[in-house]
Protein chains: 2
Amino acid sequence: MGPRGTPPGEAMNDNRPAGYDPYAFEPFAVTVDLAVFTVRESRLHVLLVERGQEPYRGAWALPGGFLLPRESAESAARRELAEETGLTEQTAADLHLEQLRTYSDPDRDPRMRVVSVAYTALVPDLPEPRGGGDAARARWTPLASAARLAFDHDTILADAHSRIGAKLEYTCLATAFCPREFTLGELQQVYETVWGVELDRPNFRRKVLATPGFVEAVEGEPRRTGGRGKPAALYRAGVASALHPPLLRPEGRQQT
Amino acid sequence: MGPRGTPPGEAMNDNRPAGYDPYAFEPFAVTVDLAVFTVRESRLHVLLVERGQEPYRGAWALPGGFLLPRESAESAARRELAEETGLTEQTAADLHLEQLRTYSDPDRDPRMRVVSVAYTALVPDLPEPRGGGDAARARWTPLASAARLAFDHDTILADAHSRIGAKLEYTCLATAFCPREFTLGELQQVYETVWGVELDRPNFRRKVLATPGFVEAVEGEPRRTGGRGKPAALYRAGVASALHPPLLRPEGRQQT
DNA sequence: TCAAAAGTGTTATGAGTACACCCATGC
DNA sequence: GCATGGGTGTACTCATAACACTTTTGA
């Protein structure tokens with residue numbers, strides 16, 4: 001059958017181009033890339049690191065790195081995320097991490113063949129990252145200012161942005177952007193920021209509360225002020241993960 | 001910055017575990033796996049191949065194979081698909097292929113480290129495949145009978161099934177299961193088969209026709225009979241790719 | 001003439017929208 | 001008091017669900 005049946009070093013089979021031998025070529029390297037988003041001051045931000053080496057020295061890039069020999073891509077992503085953001089391993093282990101897709105263009109890295117598995121993470125507003133070792137800087141960058149990244153990271157970032165926008169429609173993911181306890185106003189801000197639209201507050205409220213398991217009210221009287229105005233009730237993320245029916249963004253509905 | 005800045009053979013940086021050198025370990029192999037679906041006799045079928053070598057000799061598996069040195073994962077997937085199904089390269093090039101996700105568990109292949117990029121393809125009912133070389137057999141298998149596949153292919157197949165089910169809700173993908181010209185009854189069959197539910201014909205019909213660009217009527221009087229009953233009008237896939245608003249499966253709506 | 005599949009019509013329900021209005025707090 | 005955000009009420013619109021009914025073919 002297929003080439004999978006013939007690992008490098010074993011006999012050829014005729015389903016493989018004549019003369020193909022994995023050891024005759026440079027090995028593939030496998031990396032992970034992370035598009036980590038947060039909402040800050042009503043703008044979507046992404047975590048970027050500055051490259052300290054060629055190629056793309058001095059350019060900004062998505063954090064990421066090589067898989068260790070006995071590590072899955074998701075473990076590698078969590079490890080890199082912890083390293084780059086200064087999060088504890090525990091916090092990183094609990095984070096919502098989602099595989100975006102894999103980028104495998106043969107020329108995506110000018111030096112060698114690198115296949116990269118991209119992940120998306122959504123985090124609440126975190127302290128400024130402490131940059132990895134090796135003279136690297138890391139920082140939160142408004143998405144609007146994140147352009148001309150190294151490698152194909154502009155593409156990955158665009159894919160990630162579009163994916164999370166879509167995900168907000170039919171999952172409860174938006175709560176991942178919020179701290180453990182949050183107000184419905186903050187949750188609405190997440191949607192408005194990611195989608196770049198304004199939503200009707202009364203309707204948003206009803207929609208969220210009508211979806212069982214989306215949010216759960218925090219007991220007692222605890223309320224929090226967002227500055228001025230009436231203090232808002234606090235909620236925590238609920239147990240549901242999917243939104244049925246979905247919460248479609250306004251643009252997604254205007255044909256008919 | 002991150003390890004990506006240090007390809008194998010260059011200097012270490014302290015963001016990488018001490019002593020790590022990609023050449024000191026077995027190289028990663030990168031493969032593609034394909035979950036190719038079709039609808040046959042009102043049942044969802046998947047294309048499987050029989051393994052001719054250890055491990056899992058004699059077991060059924062998803063078709064797939066190694067990436068060539070200068071080939072993207074998607075190109076590899078199209079190439080493998082053409083090889084396994086006997087499709088022409090041209091047909092394979094036009095097919096709807098979608099990246100599912102990447103599987104990277106260190107132990108997913110007992111012999112070596114293999115990272116596999118899985119793809120999903122939807123095809124109309126095709127002739128029986130002609131199996132690849134090397135004594136392999138290939139055949140369409142009802143999804144219900146496809147179990148205990150080699151490697152982690154049970155997992156991949158389950159993920160693929162659940163993904164296409166979800167995709168039918170908010171994309172026009174169902175037409176990929178149909179021949180170039182099809183009736184609305186056939187299109188409805190696709191939904192009913194993939195979702196495993198019955199839909200109301202009048203409502204389905206209205207919904208499809210009300211979505212601009214989903215299908216376009218074939219001009220003139222051409223009608224086709226599906227055996228007995230009134231001949232149905234023929235349609236072709238339209239230009240739209242997304243469904244707004246989505247066509248939710250019944251189960252996805254029964255909470256409130 | 002009957003079964004089977006295509007196609008049309010109609011009504012009730014419920015989700016989504018838009019917008020008016022009241023409440024609580026800081027300045 | 002007034003600006004600011006939280007929270008409630010309501011009426012209109014439109015998509016969907018459910019189901020009755022007609023049409024056109026093969027046997």
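So you know, we letter chains A, B, ... as the sequences are listed, proteins then strands, and number each from 1. Computed over heavy atoms, backbone and side chain alike; hydrogens, waters and symmetry mates excluded. Since we're looking at a predicted model, the values are computed, not measured.
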Below the 4.0 Å mark, does [N] have OP1 or OP2 next to a side-chain nitrogen or oxygen of [X]?
X       : N       : value
R228(A) : dG5(D)  : yes
K207(B) : dA15(D) : no
R201(A) : dG5(D)  : no
R205(B) : dG7(C)  : yes

Applying side chain to side chain donor-acceptor pair (under 3.5 Å) between Y103(B) and each of T155(B), D159(B), D152(B), report the one that passes.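 Of all the options given, the one that passes is D159(B).
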
Residue from R206(B), K207(B), R201(B) passing side chain to side chain donor-acceptor pair (under 3.5 Å) with N203(B):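 That would be R206(B); it is the only one of R206(B), K207(B), R201(B) passing the side chain to side chain donor-acceptor pair (under 3.5 Å) with N203(B).
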
[N] [atom2] sits how many Å from [X] [atom1], rounded?
X       : N       : atom1 : atom2 : value
N203(B) : dG7(C)  : CG    : C1'   : 13 Å
Q188(A) : dT17(C) : CD    : C1'   : 14 Å
L199(B) : dT16(D) : CG    : P     : 13 Å
E198(B) : dC19(D) : CD    : P     : 13 Å
E186(A) : dG5(D)  : CD    : C1'   : 12 Å
F204(B) : dC19(D) : CZ    : P     : 20 Å
L187(A) : dG7(D)  : CG    : C1'   : 16 Å

All pairs passing ring-ring contact (aromatic ring centres under 6.0 Å, His included) where residues 155-182 of chain A contributes a residue, at least two apart: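 Every ring-ring contact (aromatic ring centres under 6.0 Å, His included) pair that includes a residue of residues 155-182 of chain A, provided the two are not neighbours, is Y170(A)-Y170(B).
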
For R163(A), is there an ion pair with E98(A) - N to carboxylate O distance below 4.0 angstrom?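 Here E98(A) pairs with R163(A) in a salt bridge, since their nearest N and O are under 4.0 Å apart.
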
Just compare dA6(C), dG6(D), dT10(D) and give me whichever is closest to any side-chain atom of T183(B).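 Nearest to the side-chain atoms of T183(B), counting from C-beta on, is dA6(C).
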
Side chain of K230(B) (C-beta onward), nearest among dG5(D), dA6(C), dG16(C):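 The answer is dA6(C), which lies nearest to the side chain.
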
Side chain to side chain contact (heavy atoms under 4.5 Å, CB included) partners of A121(B), counting only residues at least two apart: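 V36(B), L81(B), L97(B).
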
Nearest heavy atom decides the nucleotide; on that basis, is G185(B) or R206(B) closer to the 5' end of DNA chain C?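 Final value for this comparison: G185(B).
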
Is a donor-acceptor contact shorter than 3.5 angstrom present between the side chain of D200(B) and the base of dA17(D)?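 For D200(B), whose side chain was compared with the base of dA17(D), there is no donor-acceptor pair (under 3.5 Å).
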
